[in-house]
Each structure stands twice: as C-alpha cells, then as structure tokens.
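Before any comments, here is the structure.
Note that the structure is a prediction, hence the values are computed from the model and not measured. Atoms within a ligand are numbered from 1 in the order they appear, just like the ligands themselves.
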Amino acid sequence: MNHSRKGLFPAHFKFGAATSAYQIEGATRVDGRGASIWDEFCGGKGRIRGGDSGDRACDHYFRYRQDVGLMRRLGLQSYRFSISWPRVVPNGSGALKRAGLDFYKRLLDELLAADITPFVTLFHWDMPAALMQKYGGFLDRRAAEDFADYVEVVVRALGDRVNHWITINDPFEHAFFGYATGVHAPGLRRPWSYMSVMHHQLLAHGMAVERIRNENPRAQVGIALCLTPIHPSPEGNAQKNWAASVAANEFVNFVQLDPLMRGCYPEDLCRRLRWFMPSRANDDLRRIQAPLDFIGINTYQREHARYARWVPFLKSWNTRGGAIAESEFTRDGVQYTSMGWEVYPQALSEVLSWLRRGYDNPPVYITENGAAFDDALIDGAVHDPKRIAYIAAHLIEVQQALAEGSDVRGYFVWSLLDNFEWAAGYSKRFGIVHVDYETQVRTIKSSGHWYAKQIRSHVAAHEHQETLDVS
Ligand code: FCB
C-alpha cells in the first residue's frame, strides 16, 4: 500500500474526534461526583467569559447515547474522551464512587457496540478540589501518588474495555495557565511554581504508566502534549528574538519532550530556572522516562517570541497568557481563528519533524487539532468552510510527514462537539457538531459532513485494497 498516494492514509490510520470530561459532561453534582478545581474556579467572578461554567455543558452525562449515535453517523473510527477524577474518587484519594465508574462503563459499551475504538485520557485538568485544599494539587508531589492510585482503580475497572490510555493531557497548559498566570483553574498566579507543577505532572505520568502496565501488560500507553513551534518575531532585533525563541521552545515544548524521551530537562532551561526546580527532580527522571507506546500531540498554531529584557522567554511571547480574541480575523493575508490563533498548518509537520529527528521517531497520534471560527446556525445548518480548510490543510501536513517517515497512526479532530472552552466559556466553538446550549440540540456542521466523507473514502480505499489483495 502506497500511502503517499493522494488522499490515502495507511490502512491502520484511524480518524477520530476528541473531547474532555469537564468540557462536555455537565452533571457536576450528580451521582456523588466530588467538586473539581474547575467547579470552584468558575464560581469566581470575572474568571470565565460570560460567567459560564461546565455545570451543564453539553449535558453529555445524560446524552452520551445520542452522542455516540452522532459519532456513528460521522463514521468515527476512534473517540478520545477523558475521565473525571472527582467523579470516580470524589475526594481525590480514598473511597471511590461506583456510579462514576458505571457511567464510563456504559459509555464504553456504547462505543464498542458502535465499533469505535476508545482512547481514554486519565487527567484533563479537572483535579479534585479536595486535593487542591489538602496540598495545593500539583504543587505537591503527593498529587502524583494519589493520581497513580486513581489510575490503578480506573484501569482495573475499565481495562477490559479500553486498550489505549493517555495519562495526562497537556501538562504545559495546566502548569502555565493554571498555576503561573492563573487564567485557568486553580487560578494561582505563582510563576515560580511552574517547574514544580510541570515536574509533578510528569512524575504522575511516569507512575501511572507503571500502574497501567502492571494492571494490563498489553495496554497501549501514551501522553498528550500540546506542542507549539515558537518562531522568532519578525519585529525587533533578529538575533535577540532568535535567542528568545530558543528559550521559549524549551520552556513550552522541550521541557516536556526531553524528560519523557531522553530522561533529562533541557540544559539551558535548568540553568535559567535552577532556583525553581523541585528537589529530588533528578531522582524521578528514570520513572518519567518510562517507555511509551505512543506520543499524543495537540497542535493548533505557531507562536512568535520577541526578546524582552527581564523575562526573555516568557513575557515576550505574544499570544499566550490567556489573551483570547473577540472574533476571527485576517491580518496581512493570514487567517486567525476566533481564539486569535494563527492558521499555520506547517506547525504540525514541524512538530512531527522534531519527533522524527530528535526523539527516535516514536509512534504518534494527533490527539487534538482543530479550530474555533465564528459559526452561525442558519436555517438548521452551519456552513463552516474555514474549519474544513483548516482540517484539510492539517491532514495534508500529516500525509507529508508520513511520506517523510513519521509514524503517525491517527488523527483526532478537536472537537466532536462545541463545548466549554475553559476561560472563553461557551463563546468559542471548536466542534464539527454544533450544540445549541439552550435546547441541547446537536447539528452536524458542514465540516462534520465533510469529515465523515473523508473517513468513508479512507475506509473504502482500504476495503478495496483488501479485496484486491485477496483476489
Ligand atoms: C487544548 C485543550 C483542549 C481544548 C483545546 C482548544 O489545549 O487540551 O481541552 O481546550 O486546547
């Protein structure tokens, strides 16, 4: 099979969609679920656009059957969702709630009956509030131990239904937005805690990998990392901006990849942040480097770093820090999404080339990629050509990377449904399915129909191939 042929991905390549628990489930006070840091954070004034919260979200907890029906209509081959830690262990450690686990069992049974492969994320930022109160969440290494215990419970209960596990989603954003700048839960503004929170999440990941493998030696285990190429800003001093971009890439990207894949933190970063490294960090690196079956990549855009005197790799870097655009726009012929993120599909092949060249070319899933645009529901339809163009352009980059030797095994569009977009609340729509939050009516957007067609032709191409092979 020549997968470089136009429009064709390898037979084993899976097309899916992704979501996360707090962003879609709702039902935050149902069946004994404990509070998460997001429930508490959303309660604070002025934190979430429109004063929104995930209390109801897409009501998926009650509508999961209908939602799996939608996935079936779209022909999804795989579905990535996350488990809410406080739904399963309301206090973060100790007693578990059967009802919470039962929900995920029912969801998984629906998925399996629809022949959709589940990819289950164990932590997508919804830390139990009890552990935040007890020791400050991932500020403390005890969070890694409690996380590993929770993971063991989940894998024991669901391991017969799930083979693909993703330990943690996007440790960078959780550490940076949650604990350093405070625009996400838990809302702390302690930039100096960034490295501790990052390190404890990576440790939690490493410990979780051990537990998953103990429970289920055949499991496929990975982590989902938000990787964003940061280029030097074209404005200002070129040489200084270049140095700033090198530092920023270490701070955002290689701070995750290096310990996971090489067992060390980037040297320059360690030097710069030496006062902020948690004690015992070096002793943990062996566990953090536990061999993985795949790396998940969440990539959306590229960013630019501009040198600034005091914090050369942080302050200078333009779109981070939680600034969210009002709406989509174009500037100098370049399209920006309604988050204000640059549409730059080459970001995906750049990140894949890092993994190919610098990290032994591991198997990869694109665990998130997609865009928010200013969608409108008109006469029962959402016409979203920009989202189609975005996804199509990124899939071409994936094909390009495959042709260059990357081992990409699947692609998950973010997101299946419009949902609670963290600090932006419901103001930003990433779904290939539109959600009317008042009525909870779902409408497949043009992009959803288009994506379904891509999947159908992918499947048909290989069915055809198999028939040929057989004859
Ligand atoms: C990712 C998050 C995901 C979603 C997208 C837009 O970084 O993992 O939950 O918010 O951004």
Salt bridge check, Arg63 against Asp67: does any charged N sit closer than 4.0 Å to a carboxylate O? no
Test: Arg161 cationic atom under 6.0 Å from Tyr104 six-membered ring centre, within 45° of axis: no
So, is the end of the Arg429 side chain (NZ or CZ) under 6.0 Å from the ring centre of Phe373 and within 45° of the ring's axis? no
Taking side chain to side chain donor-acceptor pair (under 3.5 Å) as the test, write out the residues that go with His394, two or more places apart. none
N/O to N/O under 3.5 Å, ligand 1 against protein:
residue	atom	partner	partner atom	Å
ligand 1	7 (O)	Asp170	OD2	3.2
ligand 1	7 (O)	Glu173	OE1	3.4
ligand 1	8 (O)	His124	NE2	3.3
ligand 1	8 (O)	Asn169	ND2	3.0
ligand 1	8 (O)	Glu368	OE1	3.2
ligand 1	8 (O)	Glu368	OE2	3.0
ligand 1	9 (O)	Gln23	OE1	2.8
ligand 1	9 (O)	His124	NE2	2.8
ligand 1	9 (O)	Trp422	NE1	3.0
ligand 1	10 (O)	Gln23	NE2	3.4
ligand 1	10 (O)	Glu421	OE1	2.7
ligand 1	10 (O)	Glu421	OE2	3.2
ligand 1	10 (O)	Trp422	NE1	2.9

Using the ring of Tyr344 (Phe, Tyr or Trp, six-membered ring only), decide whether Arg302 places NZ or CZ under 6.0 Å from its centre and within 45 degrees of its axis. yes
Taking C-beta and beyond as the side chain, do Phe13 and Val408 meet within less than 4.5 Å on heavy atoms? yes
